[in-house]
Structure formats: C-alpha cells, structure tokens
Amino acid sequence: MTKLILVRHALTIDNQSKRLSGHIDSVVSEFGIKQIEKLTKYLDGIHIDKIYTTTSSRTKDTVRDVAKKKGIEIIEKETLKEISFGDFEGITFDDIKKNYPEEFNSMIEKGYEYRYPNGESLIDSFIRVSNEIKEIISMDKDKTILICSHGGTIRNIISYLISGSHKYHWNFKIDNASVSILEVEDGFAVIDSLNNTNFINN
C-alpha cells in the first residue's frame, strides 16, 4: 500500500487578494507563516519516506521545516504545479469579467475545456498531474509520500485516483495548509482524511 499525504501550500499574499497565481511565484503571507508552524508540528509525528513539492517557492517554504526535521531531501516536480492561467496570471476573476468579458463568457460556457490565453485548460492540467502521480505511485510503491502542491493539483490527484476522470474536480474543497491522506493499492484508492485543518485551529 502506498500512502499519499497531500498538503496544499500555506496562505499566500495572492490568495488573500484573490489573484490568480498558477505558474507565477507568490509569497507566503504572515498568517501563512503561522499555518506552516502548526503544520510542521502536526506532521512531526507522522512517518514520511519522501517529500515532493513543485518548483514554486510557496510549496517549498510550506514543508521546508518538515523536510529538515526528518532529514529528507525535497524533490521538486514542475509537473505538479497549479494550472497555468497564462495571460491572466496575477489578476482576479473580477478583472477578467470587467476587462475581458468575451473571455469570461467563454470560461463559463466551456468549463473544463476552457483554455486560458497562453495557458492551460483544467483538462490539460488534469492530464499533466495524472501522468506524474502515476509515475510517483509506480516508483514509490509501499512508501509514505508527502506531496506539497496546490489546490487545483490536489483536486486533480484525488479526482484521478477515485474516478480516473477530471469531472469530480470541483467536488473537493482544499484549503490552504490542509492535509488530505489517501491510501492506494492495486489500483484502488481510499480517502483516509480530506482537507484536514483541525490542527491549525487548535
């Protein structure tokens, strides 16, 4: 059995201002730093064999102390990054609605298939993430793997593992600094916990 510990990065300044930050970098906020402290303490008692992050600083910053405490080298994966918002990186959905009404309407009409200008569609990101998680599960069979990534990426991973489809993507709420745990064996996945943030509020 392979255990996946899926951690969303701590709250960033862009998260607070509701700006789209997929492939651009975004700095962890002051509250995010407090989330990291509590997350590190929570994960201290959990066995972990390997740690993967994206190349984004917000994911590496979120689990750097965990990796240091456990003596595990972080493995960075470009393929686990958030969806690319292309030309709309760094702005809000309200900005898109106001300044690019045709694109906004297209976004609503096409849904999963909508591709951000010079970016990705949700289906594009689902395929990218699914291919990577298949590789990780194959390589790290019977290990406990922590993956610190992004909300969309984690929804893609869970959707892929429980259904093989992107269609359940928006059925999962994934908060900043949350922990979701799945156990995978022989092609079957069991959700042990989903979007756990109880340790942050304690």
Side-chain angles (χ1 to χ4, degrees), residues 1-10 22-23 28 35-36 38-84 120 122-169 171-199:
M1 178 194 72
T2 303
K3 181 180 284 189
L4 299 178
I5 302 172
L6 308 177
V7 177
R8 184 183 176 190
H9 63 79
H23 283 207
V28 172
Q35 288 178 323
I36 290 172
K38 293 189 175 184
L39 174 68
T40 302
K41 185 177 179 181
Y42 173 73
L43 293 173
D44 193 45
I46 297 177
H47 172 77
I48 297 169
D49 293 304
K50 294 179 79 171
I51 296 176
Y52 292 92
T53 69
T54 70
T55 54
S56 302
S57 65
R58 57 193 184 272
T59 62
K60 291 181 283 186
D61 290 345
T62 297
V63 294
R64 182 172 284 113
D65 289 343
V66 174
K68 187 176 179 181
K69 279 189 169 187
K70 294 184 181 294
I72 300 174
E73 184 178 350
I74 290 174
I75 301 168
E76 298 179 31
K77 290 284 187 179
E78 187 85 22
T79 43
L80 290 173
K81 290 183 85 165
E82 182 62 281
I83 187 173
S84 170
E120 292 180 297
L122 191 147
I123 293 175
D124 293 333
S125 71
F126 175 82
I127 293 169
R128 166 171 56 80
V129 171
S130 299
N131 288 335
E132 182 58 53
I133 204 67
K134 277 189 283 189
E135 183 72 19
I136 288 174
I137 291 172
S138 174
M139 277 196 323
D140 300 325
K141 186 175 172 60
D142 298 326
K143 293 182 179 178
T144 297
I145 311 303
L146 186 150
I147 298 174
C148 184
S149 191
H150 310 268
T153 301
I154 292 172
R155 285 193 291 270
N156 278 333
I157 292 172
I158 297 172
S159 297
Y160 165 70
L161 290 175
I162 68 165
S163 72
S165 170
H166 62 271
K167 293 181 180 178
Y168 296 98
H169 182 92
N171 288 63
F172 305 103
K173 183 182 181 185
I174 305 294
D175 292 318
N176 290 101
S178 66
V179 175
S180 300
I181 300 175
L182 286 83
E183 297 175 351
V184 184
E185 188 170 24
D186 298 328
F188 295 95
V190 175
I191 299 176
D192 185 54
S193 65
L194 182 65
N195 197 42
N196 178 15
T197 57
N198 292 334
F199 56 91

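Nothing here was measured: the structure is a model prediction, and the numbers come from that model.
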I need the single residue from Glu82, His150, Lys60 that forms a side chain to side chain donor-acceptor pair (under 3.5 Å) with Thr54. Which is it?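 Result for side chain to side chain donor-acceptor pair (under 3.5 Å) with Thr54: His150.
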
May I ask you to test the [X]-[Y] pair for a side-chain heavy-atom distance under 4.5 Å?
X	Y	result
Val7	Val66	no
Ile174	Leu6	no
Asp140	Asp49	no
Arg155	Ile158	no
Ile133	Tyr160	yes

For residues [X] and [Y], report the shortest heavy-atom separation together with the two atoms involved.
X	Y	result
Asn176	His9	ND2-O, 3.2 Å
Ser56	Lys81	OG-CE, 3.6 Å
Ile74	Ala67	CG1-CB, 3.7 Å
Arg58	Thr62	O-OG1, 2.6 Å
Lys70	Ile46	NZ-O, 2.8 Å
Cys148	Val63	CB-CG1, 3.7 Å

Say you draw a straight line from [atom1] of [X] to [atom2] of [Y]; how long is it, rounded to the nearest 0.5 Å?
X	Y	atom1	atom2	answer
Asp65	Lys68	CG	NZ	7.0 Å
Ile157	Ile136	CD1	CD1	7.0 Å
Thr2	Asp142	OG1	CG	5.5 Å
Ile181	Ile191	CD1	CD1	11.5 Å
Met1	Lys141	CE	NZ	11.0 Å
Ile5	Lys50	CD1	NZ	14.0 Å

If the condition is side-chain hydrogen bond (donor to acceptor under 3.5 Å, both in side chains), which residues does [X] pass it with, not counting sequence neighbours?
X	result
Thr79	Glu132
Ser57	Asp25
Ser178	Asn195
Thr55	Glu78

By ring pair (Phe, Tyr, Trp, His ring centres under 6.0 Å), which residues pair with Tyr168, not counting sequence neighbours?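 Checked Tyr168 against ring pair (Phe, Tyr, Trp, His ring centres under 6.0 Å); zero matches.
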
I'd like to check the ring pair (Phe, Tyr, Trp, His ring centres under 6.0 Å) partners of Tyr52; sequence neighbours left out, ordered by chain and number.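 In terms of ring pair (Phe, Tyr, Trp, His ring centres under 6.0 Å), with neighbours along the sequence ignored, Tyr52 is linked to no residue.
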
Could you tell me whether a side-chain N or O of [X] sits under 3.5 Å from a main-chain N or O of [Y], the two making a donor and an acceptor?
X	Y	answer
Asn196	Ser180	no
Glu120	Ile83	no
Ser149	Leu80	yes
Thr40	Ile36	yes
Asp175	Ala177	no

Using 30° and 60° as the class limits, which term best fits the ring planes of Phe199 and Tyr42: parallel, tilted or perpendicular?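 Parallel: the ring planes of Phe199 and Tyr42 meet at under 30°.
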
Test side chain to side chain contact (heavy atoms under 4.5 Å, CB included) on Thr153 and Ile147 and set out the steps. CA-CA 10 Å; Thr153 301; Ile147 298 174; 6.0 Å; no

Between the side chains of His166 and Asn156, is a donor N or O closer than 3.5 angstrom to an acceptor N or O?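 Looking only at side-chain atoms, Asn156 and His166 do not form any donor-acceptor pair under 3.5 Å.
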
